[in-house]
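What follows is a short report on a single structure.
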Number of protein chains: 2
Amino acid sequence: MRTKELEEGKKLNLDFGKLRRVANKCPKVIPVVVQDWQTGEVLLLAYANEQALRETLKKGVAVFWSTSRGEYGELWVKGETSGCFLEIKEVRVNCDQNSLLYLVEKPEGIGACHTEDESGGFRESCFYRKITDWANGKLVFVQLRKDGA
Amino acid sequence: MRTKELEEGKKLNLDFGKLRRVANKCPKVIPVVVQDWQTGEVLLLAYANEQALRETLKKGVAVFWSTSRGEYGELWVKGETSGCFLEIKEVRVNCDQNSLLYLVEKPEGIGACHTEDESGGFRESCFYRKITDWANGKLVFVQLRKDGA
């Protein structure tokens with residue numbers, strides 16, 4: 001499926017192979033949930049290795065291990081390209097210490113997601129579609145709290 | 001580190017090997033963020049394969065692929081042991097279609113996390129500690145919205 005269809009389509013086409021590819025490229029990463037500390041919106045899910053976490057805490061902005069850049073991945077300072085730096089308010093750890101939750105402040109008027117809606121507006125979060133019909137793999141776009149132009 | 005220390009300690013000891021072990025056991029799973037649809041609290045992060053997602057949508061409660069049960073994992077109907085069934089309100093998909101967000105309704109008076117606080121009360125979410133001091137790996141307990149006895 002082409003990127004455009006994957007991102008803007010109404011067809012479910014889950015990439016169940018992603019985790020394995022991530023693990024193969026960089027064995028030592030854990031998933032990071034990123035949540036807007038004010039609205040509570042879950043913005044995205046990304047991955048961090050120890051270095052990414054260290055940089056996150058040092059810089060005070062979300063840094064991830066990029067699962068798409070470079071053969072062995074590299075540090076990805078979220079916002080360096082888009083301007084959407086995510087200021088860290090808190091980094092939480094789960095009971096088993098194998099996943100993280102970043103509570104962040106996102107700049108106004110820009111989306112945490114790199115995609116745009118059909119009128120060119122930003123999308124607050126990457127989770128902008130929901131499954132409505134499993135048998136036929138149908139997706140429907142949802143209204144997020146602060147999407148806009 | 002013993003389980004008790006991992007769960008109740010104030011020492012950061014992140015398990016960066018988890019993802020690789022998950023991928024080795026079951027190559028075709030994706031991470032699932034579980035959020036309370038009313039409070040907005042992120043409750044936990046788990047994993048689903050296609051079968052777990054199908055069962056989730058069919059039963060209307062969160063079903064995961066267990067990363068700890070059985071050699072090759074197995075379906076884990078959250079709540080079957082604890083009573084904390086998570087009723088599905090919405091299943092969202094991210095832009096790249098490689099992670100999921102379950103918006104759920106959690107029963108009152110029970111925590112989504114299997115751990116208990118020091119007075120035996122439940123914990124609403126698995127993310128009950130935050131990192132306060134990276135250099136010394138220090139964790140501090142946070143107050144969640146609806147923790148209690």
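Below, chains carry the letters A, B, ... as their sequence lines are ordered, and counting in each starts from 1. Owing to the predicted nature of the structure, the values given are computational and were not obtained by experimental measurement.
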### Message
Quick one, B:Ile110 with B:Phe122, criterion side-chain contact (heavy atoms from CB on, under 4.5 Å). Give me CA distance, side-chain angles, the key distance, then yes/no.
### Response
CA-CA 6 Å; B:Ile110 189 168; B:Phe122 69 82; 5.5 Å; no
Ordered numerically, the heavy-atom neighbours of chain A under 4.5 Å found in residues 130-138 of chain B are B:Lys130, B:Ile131, B:Trp134
The residue among A:Arg145, A:Lys106, A:Lys146 that forms salt bridge (Lys or Arg N to Asp or Glu O under 4.0 Å) with A:Glu41 is A:Arg145
Test side-chain contact (heavy atoms from CB on, under 4.5 Å) on A:Tyr128 and A:Gln143 and set out the steps. CA-CA 7 Å; A:Tyr128 52 82; A:Gln143 186 62 48; over 6 Å; no
Which portion of [X] sits near chain B, non-hydrogen atoms under 4.5 angstrom:
{"X": "A:Val33", "value": "side chain"}
{"X": "A:Glu7", "value": "both"}
{"X": "A:Glu50", "value": "both"}
{"X": "A:Leu57", "value": "side chain"}
{"X": "A:Lys11", "value": "backbone"}
{"X": "A:Arg123", "value": "neither"}

Option that, when pairs with chain B are counted at under 4.5 Å, heavy atom only, ranks first among [options]:
{"options": "A:Thr39, A:Ile30, A:Val22", "answer": "A:Ile30"}
{"options": "A:Thr3, A:Leu12, A:Thr115", "answer": "A:Leu12"}
{"options": "A:Leu139, A:Leu44, A:Val142", "answer": "A:Val142"}

Check your understanding: B:Trp37 and B:Glu90: side-chain donor and acceptor closer than 3.5 Å?
Key -> no
For B:Tyr102 and B:Val63, the nearest pair of non-hydrogen atoms, with its separation, is OH-O, 4.0 Å
Note: A:Val77 and A:Phe85 closest approach over all heavy atoms is CG1-CE2, 4.0 Å
So which of [options] has the largest heavy-atom pair count under 4.5 angstrom toward chain A?
{"options": "B:Lys18, B:Lys58, B:Lys28, B:Arg129", "result": "B:Arg129"}
{"options": "B:Arg92, B:Gln35, B:Arg20", "result": "B:Arg92"}
{"options": "B:Pro31, B:Gly17, B:Ser125, B:Ala48", "result": "B:Pro31"}

### Task
Kindly assign one of parallel, tilted or perpendicular to the pair B:Trp76 and B:Phe64, based on the angle between their ring planes and the thresholds 30° and 60°.
tilted
Q | Ion pair check, B:Lys59 and B:Glu55, cut-off under 4.0 Å | A | yes
- Basic-acidic side-chain contact under 4.0 Å: A:Glu87, A:Lys89: yes
- Does a side-chain heavy-atom distance below 4.5 Å link B:Val34 with B:Leu45? no
Non-hydrogen side-chain atoms of B:Val93 and B:Leu100 separated by less than 4.5 Å: yes
When the 4.5 angstrom heavy-atom criterion is applied to B:Leu103 and chain A, the contacting part is neither
| task | Evaluate salt bridge (Lys or Arg N to Asp or Glu O under 4.0 Å) for A:Arg21 paired with A:Asp15, printing each intermediate quantity in order. | result | CA-CA 11 Å; A:Arg21 293 197 307 276; A:Asp15 179 6; 2.8 Å; yes
